[in-house]
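Below you'll find the structure, written out as structure tokens, and then a few comments.
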2 protein chains.
Amino acid sequence: MTGYAPSEAARRSGFSLDTLRYYEKIGLLADVGRTSGGQRVFTDDDLGWLVLFRCLRDTGMPIAQMCRYAQLAREGEHTADERRELLERHAVRVEEQMLLLQRQYDHLREKIRFYEQLPGSGSA
Amino acid sequence: MTGYAPSEAARRSGFSLDTLRYYEKIGLLADVGRTSGGQRVFTDDDLGWLVLFRCLRDTGMPIAQMCRYAQLAREGEHTADERRELLERHAVRVEEQMLLLQRQYDHLREKIRFYEQLPGSGSA
DNA sequence: GCTTGACCTGGAGCGCACTCCAGGTTGGAG
DNA sequence: CTCCAACCTGGAGTGCGCTCCAGGTCAAGC
């Protein structure tokens with residue numbers, strides 16, 4: 001049960017201090033420990049959550065949906081199915097996103113090739 | 001030189017009418033034709049630009065950068081190199097984005113597999 | 001000629017996800 | 001004991017990219 005100072009948690013998760021506080025304020029990150037003086041102490045478990053949030057944010061999940069996921073997890077084991085489904089649906093959206101990104105990347109590369117082969121055309 | 005009504009341009013480009021007007025207002029789309037009565041008429045050339053903007057937006061280019069690109073194109077052939085470089089740098093960022101997305105997608109799939117194999121654990 | 005749906009303008013408003021701030025507290029190093 | 005960097009709070013502000021609105025105009029079909 002190692003404890004991490006806010007700055008350390010920020011460093012490890014890649015979120016800013018303000019973002020960590022914000023995530024706690026909106027209830028995404030719950031029950032973060034405190035010192036007697038009121039300063040936050042993040043556990044390995046908190047860090048695990050942050051790594052998950054990093055993954056979900058990087059793949060474009062809205063914060064509201066992450067809140068829902070976290071809420072379900074807090075409610076206990078019986079929500080495991082719903083949580084899995086939520087992640088599965090998200091994964092499908094990510095697949096679509098990846099396909100679109102690949103398609104548009106190909107367009108972009110084609111456009112660049114056009115510049116390389118026919119330099120100087122002013123049209124779009 | 002076919003002309004398209006705003007609603008048709010919106011349908012073909014996937015941008016909303018408001019977005020088309022917005023793009024014109026900020027100078028991203030310039031010199032859009034008008035009827036004698038003041039209603040917009042989009043040309044195939046305009047549509048070509050919109051398709052490019054769609055590509056750049058879908059790959060995450062900020063609007064300010066698209067404006068810069070469009071501005072350069074308007075300045076003439078001598079900016080072709082700069083335009084190509086701008087697109088190239090963007091393409092590199094897109095590649096990084098695709099790698100990150102793939103990595104985080106893999107994490108997500110791993111997480112889902114975990115739910116499928118060990119249903120019911122409450123931790124993150 | 002009249003109707004009606006598509007279009008026009010300038011400007012305000014929105015949703016998201018932070019980010020910053022002022023003014024005060026904490027706690028480890030020396 | 002003192003110092004100062006790191007931390008705390010509530011709340012305001014920011015940046016982006018649209019999106020919506022009111023109040024009016026246009027133009028194609030009947």
Side-chain angles (χ1 to χ4, degrees), chain A residues 2-43 46-47 49-50 52-70 90 93 97 100 104, chain B residues 2-43 46-47 49-50 52-70 90 93 97 100 104:
Chain A
T2 323
Y4 305 97
S7 57
E8 182 66 11
R11 202 186 57 73
R12 293 199 183 214
S13 66
F15 290 115
S16 74
L17 288 171
D18 269 320
T19 299
L20 293 182
R21 287 193 272 260
Y22 169 67
Y23 281 1
E24 195 181 340
K25 179 152 50 179
I26 64 174
L28 181 54
L29 206 55
D31 304 319
V32 176
R34 301 293 181 122
T35 64
S36 55
Q39 307 204 192
R40 288 175 184 80
V41 181
F42 294 86
T43 64
D46 294 328
L47 261 289
W49 277 100
L50 290 175
L52 177 62
F53 295 155
R54 177 90 276 162
C55 168
L56 297 178
R57 287 301 293 123
D58 283 348
T59 51
M61 181 183 282
I63 280 185
Q65 221 165 115
M66 303 201 309
C67 285
R68 169 134 187 76
Y69 179 88
H90 179 59
R93 281 191 297 273
Q97 193 189 334
L100 175 63
Q104 298 291 38
Chain B
T2 323
Y4 305 98
S7 57
E8 182 66 10
R11 200 186 58 72
R12 294 199 182 214
S13 67
F15 291 114
S16 74
L17 289 171
D18 269 320
T19 298
L20 293 182
R21 288 193 271 261
Y22 169 68
Y23 280 1
E24 195 181 343
K25 179 153 48 177
I26 64 174
L28 182 53
L29 205 56
D31 305 318
V32 175
R34 302 293 181 121
T35 66
S36 56
Q39 307 205 190
R40 287 175 184 79
V41 181
F42 293 85
T43 64
D46 293 327
L47 261 290
W49 277 99
L50 290 175
L52 176 61
F53 295 156
R54 178 88 278 164
C55 168
L56 298 178
R57 287 298 295 123
D58 284 348
T59 50
M61 183 183 280
I63 282 184
Q65 221 164 114
M66 303 201 310
C67 284
R68 169 135 186 75
Y69 179 88
H90 178 59
R93 280 189 299 272
Q97 193 188 333
L100 175 62
Q104 297 293 37

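If you're wondering where the values come from, they're calculated on a predicted model, not measured in any experiment.
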Open item on the list: Can you list everything that forms a side-chain hydrogen bond (donor to acceptor under 3.5 Å, both in side chains) with Ser13(A)? Sequence neighbours excluded, please.
Closed with: none
Task: Length of the CG-C1' vector between Leu20(B) and dA6(C), whole Å - done: 14 Å
Open item on the list: Could you work out, with ring pair (Phe, Tyr, Trp, His ring centres under 6.0 Å) as the rule, every residue matching Phe53(A), not counting sequence neighbours?
Closed with: Trp49(A)
- [ ] Nearest whole angstrom, please: distance from the P of dG10(D) to the CD1 of Ile26(A).
- [x] 15 Å
Task: Interatomic distance, Phe42(A) CZ vs dA6(D) P [rounded to whole Å] - done: 16 Å
- [ ] Whole angstrom is fine here: how far is it from CZ in Arg34(A) over to P in dA6(D)?
- [x] 19 Å
Open item on the list: Can you list everything that forms a side-chain hydrogen bond (donor to acceptor under 3.5 Å, both in side chains) with Tyr4(B)? Sequence neighbours excluded, please.
Closed with: Asp44(B)
Open item on the list: Can you pull out the residues from residues 4-14 of chain B that lie within a 4.0 Å heavy-atom distance of DNA chain C?
Closed with: Ala5(B), Pro6(B), Ser7(B)
Task: Those residues that, when tested against Phe15(A), pass ring pair (Phe, Tyr, Trp, His ring centres under 6.0 Å) (two or more places apart) - done: Tyr23(A)
Task: Per-nucleotide protein contact string for nucleotides 14-30 of chain D (B base, S sugar-phosphate only, - none; heavy atom under 4.0 Å) - done: ---BBBB-----SS---
- [ ] Apply side-chain hydrogen bond (donor to acceptor under 3.5 Å, both in side chains) to Glu24(B) and list each qualifying residue two or more places apart in sequence or on a separate chain.
- [x] Arg34(B), Arg40(B)
Open item on the list: So, taking the atom named CG in Leu56(A) and the one named CD in Gln65(A), what distance separates them when rounded to the nearest 0.5 Å?
Closed with: 9.0 Å
Task: For Arg93(B), salt bridge (Lys or Arg N to Asp or Glu O under 4.0 Å) partners two or more places apart - done: none
- [ ] May I have the distance from Leu17(B) (atom CG) to dT9(C) (atom P), rounded to whole angstrom?
- [x] 12 Å
TODO: May I have all residue pairs that pass salt bridge (charged side-chain N to carboxylate O under 4.0 Å, His left out) and include part of residues 59-69 of chain B, sequence neighbours excluded?
DONE: Arg68(B)-Glu82(B)
